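If you're wondering where the values come from, they're calculated on a predicted model, not measured in any experiment.
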Amino acid sequence: MGNILLFSVIVGLVMALLVVPMAIMKKQNKKEGYPSFAALSGATLLITTIIVFVFYYMTNLDQNFTSMWILLIVAAGFGATLATGTERMVKGALFLGSLLIGAYFLTAFVFNADQKFESAKMEVKTEIEAFDEKETPASVPPQFARNKMKKAFGQVPNTSYYELGRLQIQKVNGEYVYIAPVEFSGFFKWFKGDETPGYFTLSATDSSANPKFIKEEMVYTPSAFFNKKIERHIRLNYPKQIFNGDVQLEVDDEGKPFYIRTYGEFISARNGFEAKGIVMVDPKSGDTKSYKIDDVPDFIDGAISPETVSLQNSYFGNYVQGFWNSRFGKSDVKLPSDEGTEANVSPIFDENGDMYYFTDFTSPKEGVDSMLGYSLTNSRTGEATFYTGNLEESYMDSQGALQIIQKKFIEKKWDGEMPVLYNFYGEASWLTPVLDANGFLQNYFIVSAANPEISAYAGTPNQALKQYKTALQRGGGSVDGSSKAEEKQTNGTVVRVYKEKTGDSTVVSFLLDNGNNYIVSSENSLLAIYLKENDKVNVKYMDTGEEFLPVKELTIEGL
């Protein structure tokens with residue numbers, strides 16, 4: 001509290017000097033009963049100090065002198081109005097100067113667009129190799145996870161005191177989970193309860209899993225008040241630091257929770273933001289620590305707040321040729337999608353378990369659902385890569401994928417949530433959970449970004465992948481392998497055969513005497529419909545490691 005009190009006195013003194021007219025020193029000697037200069041100055045100083053304290057305490061604004069430009073304009077304006085003669089001219093000049101400073105801060109976004117673009121510049125690559133089909137993506141949608149946690153709220157002691165806090169995903173002990181703190185439901189509940197009892201955790205990969213309530217007392221939280229409010233507690237400990245984004249709850253591998261917030265610096269003139277590190281708070285004791293980006297503890301996944309990544313995407317997509325081009329010509333402009341689950345970005349994990357924020361970019365032209373690329377931003381370092389996709393293909397954006405789902409289930413009024421682009425079987429594909437009107441998970445929908453007519457859905461991501469593999473074979477999709485699959489060739493004798501009619505084609509599954517299972521569509525190999533037991537075959541397939549390996553070419557000896 002000492003820093004904000006001292007700051008308030010200093011700023012209050014400056015404001016008092018600007019507001020109180022010096023001419024009162026002459027008037028007090030001529031008119032009996034007129035307040036003395038000392039008395040009026042003291043009263044003004046007290047009032048301005050209180051105003052400054054309340055302003056900074058309530059807003060949690062950084063206590064840098066550049067942040068007082070609004071107060072400077074107000075004080076100088078009043079001072080110029082109350083003053084006379086030469087003093088009015090001097091304070092009038094100060095008022096005009098403060099207006100110019102304010103105008104500089106307010107218009108900085110016009111002039112620092114190039115700096116913003118440079119700060120957000122990304123490495124450019126063609127195709128992503130984020131997920132192999134053997135991996136299980138973090139595919140439980142946040143809305144569904146939140147619904148399940150609310151239904152499990154009976155596990156919380158004194159339930160009426162609390163409500164569910166902000167939901168976010170992270171990796172704990174090698175598993176992808178959602179974390180949501182229990183928060184106070186109002187001022188009087190906080191006044192009586194003083195501390196929250198813990199947080200919920202739920203698998204982000206298994207939709208059948210149930211939430212678990214973890215008991216961990218937390219005193220400093222977003223729903224607390226006065227100095228126990230986590231944002232204010234951080235501000236009082238770091239009065240001059242520049243923060244961006246909401247506080248986030250991170251849990252270490254022992255289950256102990258910590259609140260973190262991203263800090264950084266302005267691009268220029270109190271405008272724009274570039275992340276430099278985090279502040280971490282123990283919500284029970286209130287102990288705080290500051291870490292630079294390179295020194296962030298290993299258990300923290302989201303050191304860069306999603307709000308910061310969203311800003312970075314906006315800078316990169318809009319300001320490629322400056323500010324005015326982003327408003328008028330829009331040459332080379334790419335608009336980041338707003339379909340993300342956290343501040344317009346979606347957290348995903350790669351095959352190494354590292355978290356990235358995913359965002360696809362689309363054209364600024366209305367009615368166009370063609371994707372211009374997508375970005376992946378490392379959530380710990382802020383390093384970003386922009387993927388153009390296969391330049392010979394025209395990829396559908398996330399909004400187009402959601403529209404396909406909406407039309408597919410129009411009678412049931414189901415909608416997609418959290419579309420993410422993956423590389424499945426060598427095909428750029430949108431994986432999207434589908435929810436009903438009540439927010440309950442119904443299925444997983446996969447659609448090719450390059451060939452929207454190829455799609456599949458099922459109750460789990462892995463089942464949907466199997467259906468999608470068949471759909472790719474029927475539709476002439478690539479099925480050229482995945483990020484890791486290798487093309488191989490074998491031969492042998494057919495032991496068992498199973499044929500399934502699907503639309504105008506037949507899907508043939510067969511077992512060879514080498515013990516491996518294979519699957520092929522008649523659209524890829526027309527003569528596969530004649531396959532029978534004891535046939536000798538030559539098979540060219542992709543070694544995806546799955547139970548049924550996708551066949552690219554099938555030759556039956558004697559046919």
So, [X] and [Y]: side-chain donor and acceptor under 3.5 Å apart, yes or no?
X: N244; Y: T308; result: yes
X: S429; Y: Y468; result: yes
X: Q442; Y: D436; result: yes

Nearest non-hydrogen partners of [X] and [Y], listed with the distance:
X: E487; Y: M542; value: N-CE, 3.5 Å
X: E342; Y: P347; value: OE2-CG, 3.7 Å
X: G272; Y: K116; value: CA-CE, 3.9 Å
X: G353; Y: Y176; value: CA-OH, 3.4 Å
X: K536; Y: T493; value: NZ-OG1, 3.3 Å
X: F358; Y: I348; value: CB-CD1, 4.2 Å

T196/Y162 under side-chain contact (heavy atoms from CB on, under 4.5 Å): CA gap, chis, key distance, verdict: CA-CA 8 Å; T196 58; Y162 309 107; 4.3 Å; yes

Got a second to check how far [X]'s [atom1] is from [Y]'s [atom2], nearest 0.5 Å?
X: T377; Y: Y356; atom1: OG1; atom2: OH; result: 10.0 Å
X: F117; Y: Q321; atom1: CZ; atom2: CD; result: 9.0 Å
X: T362; Y: L372; atom1: OG1; atom2: CG; result: 5.5 Å
X: Q168; Y: I179; atom1: CD; atom2: CD1; result: 8.0 Å
X: L311; Y: E274; atom1: CG; atom2: CD; result: 11.5 Å
X: I293; Y: Y263; atom1: CD1; atom2: OH; result: 7.5 Å

Test: K215 cationic atom under 6.0 Å from F213 six-membered ring centre, within 45° of axis: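 No - K215 does not lie over the ring of F213 by the 6.0 Å and 45° rule.
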
Look at atom [atom1] of [X] and say whether more than 12 heavy atoms of other residues, nucleotides or ligands are closer to it than 6.0 Å.
X: K412; atom1: NZ; result: no
X: K292; atom1: NZ; result: no
X: Q489; atom1: CD; result: yes
X: E175; atom1: CD; result: no

Contacts of F361 that satisfy ring-ring contact (aromatic ring centres under 6.0 Å, His included) - sequence neighbours left out: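 F361 satisfies ring-ring contact (aromatic ring centres under 6.0 Å, His included) with F386 once adjacent residues are dropped.
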
Y457: ring-ring contact (aromatic ring centres under 6.0 Å, His included) partners, not counting sequence neighbours: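 Testing Y457 for ring-ring contact (aromatic ring centres under 6.0 Å, His included), a comparison that skips the adjacent residues, returns F409.
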
Working for side-chain contact (heavy atoms from CB on, under 4.5 Å), residues I454 and N451: CA-CA 6 Å; I454 302 175; N451 303 288; 3.8 Å; yes

Pair listing, ring pair (Phe, Tyr, Trp, His ring centres under 6.0 Å) test, anchored in residues 511-544, at least two apart: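 Of all non-adjacent pairs touching residues 511-544, those that pass ring pair (Phe, Tyr, Trp, His ring centres under 6.0 Å) are F510-Y518, Y518-Y541.
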
Ionic contact status for K488 with D543, cut-off 4.0 Å: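 Salt bridge: yes.
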
side-chain contact (heavy atoms from CB on, under 4.5 Å) evaluation trace for L554 with V520: CA-CA 8 Å; L554 174 67; V520 63; 4.3 Å; yes

Test side-chain contact (heavy atoms from CB on, under 4.5 Å) applied to L402 and W430, step by step: CA-CA 9 Å; L402 293 176; W430 288 105; over 6 Å; no

Working for ring-ring contact (aromatic ring centres under 6.0 Å, His included), residues F109 and F323: CA-CA 8 Å; F109 66 92; F323 173 79; 5.4 Å; yes

Selection residues 315-339 - residue pairs positive for salt bridge (Lys or Arg N to Asp or Glu O under 4.0 Å), sequence neighbours left out: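 Every pair satisfying salt bridge (Lys or Arg N to Asp or Glu O under 4.0 Å) with a residue in residues 315-339: there are none.
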
Any pair counted as salt bridge (Lys or Arg N to Asp or Glu O under 4.0 Å), so long as it reaches residues 306-321, sequence neighbours left out: R166-E307

Positive for side-chain contact (heavy atoms from CB on, under 4.5 Å) with T359, one of P306, S398, S346, S375: S375

Parallel, tilted or perpendicular: ring planes of F258 versus F299, cut at 30 and 60 degrees: tilted

Parallel, tilted or perpendicular, as decided by the 30° and 60° cut-offs, for the rings of Y315 and Y319: parallel

With a 3.5 Å cut-off and sequence neighbours excluded, list the donor-acceptor pairs that the side chains of residues 140-148 form with protein atoms.
unit_1, atom_1, unit_2, atom_2, d
R146, NH1, G165, O, 2.8
R146, NH2, L164, O, 3.1
R146, NH2, G165, O, 3.4
N147, ND2, N438, O, 3.2
N147, ND2, G439, O, 3.0
K148, NZ, S207, O, 3.1
K148, NZ, A209, O, 2.5

N462 vs T460, side chain to side chain donor-acceptor pair (under 3.5 Å): CA-CA, chis, key distance, verdict: CA-CA 6 Å; N462 286 334; T460 68; 5.7 Å; no

